[in-house]
Amino acid sequence: MHKAQIAALTAATLVVVGAYYGLADALDLVPGALTASPADYAVQPFPTPAAAAQDPEAATALADDAPVPAAGELAALANTLAADERIGDATAGVSIVDVASGEELVDLGAGTALTPASSNKVLVAWAALSLLGADHTVDTTAVLDGSTVTLVGGGDVLLAEDDGDPDATIGRAGLGDLARDAAAQLQEQGVTSVTVALDDTLFTGPTWNDAWADGNEAWVAPIQPLMVDVTAYPSGGYPADPALDAAQTFADHLREAGITVTGTVTRAAAADGATELARVTSAPLADILSVSLKESDNTMTEVEGRLVALAAGEEASFDGATRAVLARLRDDGFDISGVTLHDSCGLALGDKVPARLLAQIITRASGDDAGTVGRSLMAALPVGGLDGTLDDRFIGIVGAGTVRAKTGSLDTAASLTGTVVTKDGRLLAFSVIVDGFEAGGLYSARLAIDDDLVSPLADCGCGG
């Protein structure tokens, strides 16, 4: 049943995207269908957010007897990529798996650990869903001890500055709502003047990872357990201290609600005997992943890694998160041999992950027995030519709507990890990593991945 649902989604998406592209092509607004990427594809060091798309209508399901592609023909595609001059001297790792049988059809350096870039986020997403559950939420609370109100961060970096929206993912919980509820409780208790403190002790260790190259400040905020809408900074320019900024916003709303706030916001852990005044709750994890995976948000993924660490009894730090993620993958039966993780989001060039591990996670997530963990992960991945970091790839050519995958983009490494439905109607899981091209070669590497491997996979009428 799950394969049928995936096919229904991808096939209908292809129809929608193809229709709009045909119009644009007729008007000479976009290039024709001879290349796998548009000619004006903007070169970005990392993906940027895109607008959400309409849900496609249902379409024809996968045929149960769809032929399995011939392994030799698929291997030829992988070899073409490995030899493509557009990746220079980079190393390509490719694993392609038939989802229905679990058979690995292509192994081109699939067991070699390479820099996965943001495909790394697939590891964290699986671990988070597996350990925490798709319905997991986090709370931001206000507590009172004496005349001090403490704002306690619980891991929500999508907070609304003022009113929360119960139907939204971004901004489900609002700092203004929290402050007004807290003010009402204070007034009931006859408290009219307070000081405000910030408790951001949920996370430990540094907020910046030494394994990240200089300049990555544009792509990840300081890692703290609360922040006003991290997605509001698609081009960088993050606050230097997001948690403190959120606490100051909270204090301002307390004042607006009639409470006198004296002094400046300080940092201090909430007292053990503090009483709760109010709390606001985030969207569920599955919904949050639909933002962090589609938009490849580095800060959100680092926070998700720390939440995995807390649930696993590890310290909520960079190292604790990576230990917890790998431990959960191992406990779930995945082979983590050769894996080295320095972070959760994949910005670190020192991260090393085999393509086979990524493909195996996708295989399980898209199989008939995937359960809520797998369904939530797959639903959160970008769709080719439609949304997220794939919104401007596979436009007008085979792959639009039939590729559902996590992108990875660094100065010297590119990856793509997900599923594709072949022309014959067979569901394949794949991961491709190209690691070690010259700085500035990202765009060319992406084109090679799409042209040589992924688009031909989607166009494969190559049943064995």
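The residues of the chain are indexed from 1 along the displayed sequence. On a predicted model such as this, the values are computed, not experimentally measured, just so you know.
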Between Lys352 and Asp435, does any side-chain N to carboxylate O distance fall below 4.0 Å? yes

Value for OG1 (Thr372) from CG (Asp135), rounded to nearest 0.5 Å, stands at 7.5 Å

Does the Lys406 side chain pair with the main chain of Val122, one donor and one acceptor, at a distance under 3.5 Å? no

Donor-acceptor under 3.5 Å (His253 side chain, Glu161 main chain): yes

Taking the side chain as every heavy atom from C-beta outward, state whether Phe430 and Thr417 have any atom pair closer than 4.5 Å. no

When every non-hydrogen atom of Leu293 is compared with those of Ala125, the smallest separation belongs to CD1-CB, 3.9 Å

Which heavy atom of Ala316 sits nearest a heavy atom of Ala309, and at what distance? CA-CB, 4.2 Å

Has the side chain of Thr299 got a donor or acceptor atom that lies under 3.5 Å from a matching backbone atom of Ala221? yes

Is Asn298 close to Ser118 at the side-chain level, that is, under 4.5 Å between some pair of heavy atoms? yes

Candidates Phe203, Trp208, Trp212 - the one meeting ring pair (Phe, Tyr, Trp, His ring centres under 6.0 Å) with Phe318: Trp212

Is there a donor-acceptor pair under 3.5 Å between the side chain of Glu304 and the backbone N or O of Ser344? no

Roughly how far, to the nearest 0.5 Å, is OG of Ser376 from CG of Asp287? 8.5 Å

Do the side chain of Gln224 and the main chain of Pro222 share a donor and acceptor less than 3.5 angstrom apart? no

Where Val196 and Ala247 come nearest, the two heavy atoms and their spacing: CG1-O, 4.5 Å

With a 4.5 Å cut-off on side-chain heavy atoms, are Ile362 and Thr419 touching? yes

With Phe250 as partner, the option from Val149, Leu159, Thr140 fulfilling side-chain contact (heavy atoms from CB on, under 4.5 Å) is Val149

When you compare the side chain of Asn120 with that of Leu341, does any pair of heavy atoms fall below 4.5 Å? yes

Do the side chain of Thr192 and the main chain of Ile259 share a donor and acceptor less than 3.5 angstrom apart? no

Rounded to the nearest 0.5 angstrom, the OG1-CG distance for Thr260 and Leu254 is 10.5 Å

With a 4.5 Å heavy-atom cut-off, do Asp156 and Met227 have their side chains touching? no

Hey, are Asp177 and Arg180 close enough for a salt bridge, meaning a charged N less than 4.0 Å from a carboxylate O? yes

Return the CG to CG distance between Leu129 and Leu285, rounded to the nearest 0.5 Å. 5.0 Å

Is there a donor-acceptor contact under 3.5 Å from the side chain of Thr322 to the main chain of Asp319? yes

Measure the spacing between CG of Leu178 and CG of Asp139 and express it to the nearest 0.5 Å. 10.0 Å

Donor-acceptor under 3.5 Å (Asp391 side chain, Gly385 main chain): no

Would you call Arg172 and Asp165 a salt bridge, taking side-chain N to carboxylate O under 4.0 Å as the test? no

Ion pair Lys121/Asp343, N-O distance below 4.0 Å: no

For Tyr238 and Trp219, what are the C-alpha separation, side-chain angles and deciding distance, and is it a ring pair (Phe, Tyr, Trp, His ring centres under 6.0 Å)? CA-CA 9 Å; Tyr238 296 105; Trp219 307 108; 8.8 Å; no

Side-chain heavy atoms of Arg393 within contact of Asp450, under 4.5 Å: yes

Can you tell me how far apart CD (Glu302) and OG (Ser292) are? Round to the nearest 0.5 Å. 11.5 Å

For residues Leu198 and Thr150, determine if any side-chain heavy atom of one lies less than 4.5 Å from a side-chain heavy atom of the other. no

Just so I know, are the side chains of Leu289 and Met300 near enough to count as touching, which here means a heavy-atom distance under 4.5 Å? no

Side-chain ion pair, Arg267 and Asp241, N-O less than 4.0 Å: yes

So which atom in Ala370 and which in Ser366 form the shortest heavy-atom distance, rounded to 0.1 Å? CB-N, 4.4 Å

Step-by-step salt bridge (charged side-chain N to carboxylate O under 4.0 Å, His left out) determination, Arg328 to Asp331: CA-CA 5 Å; Arg328 188 63 184 185; Asp331 292 346; 5.1 Å; no

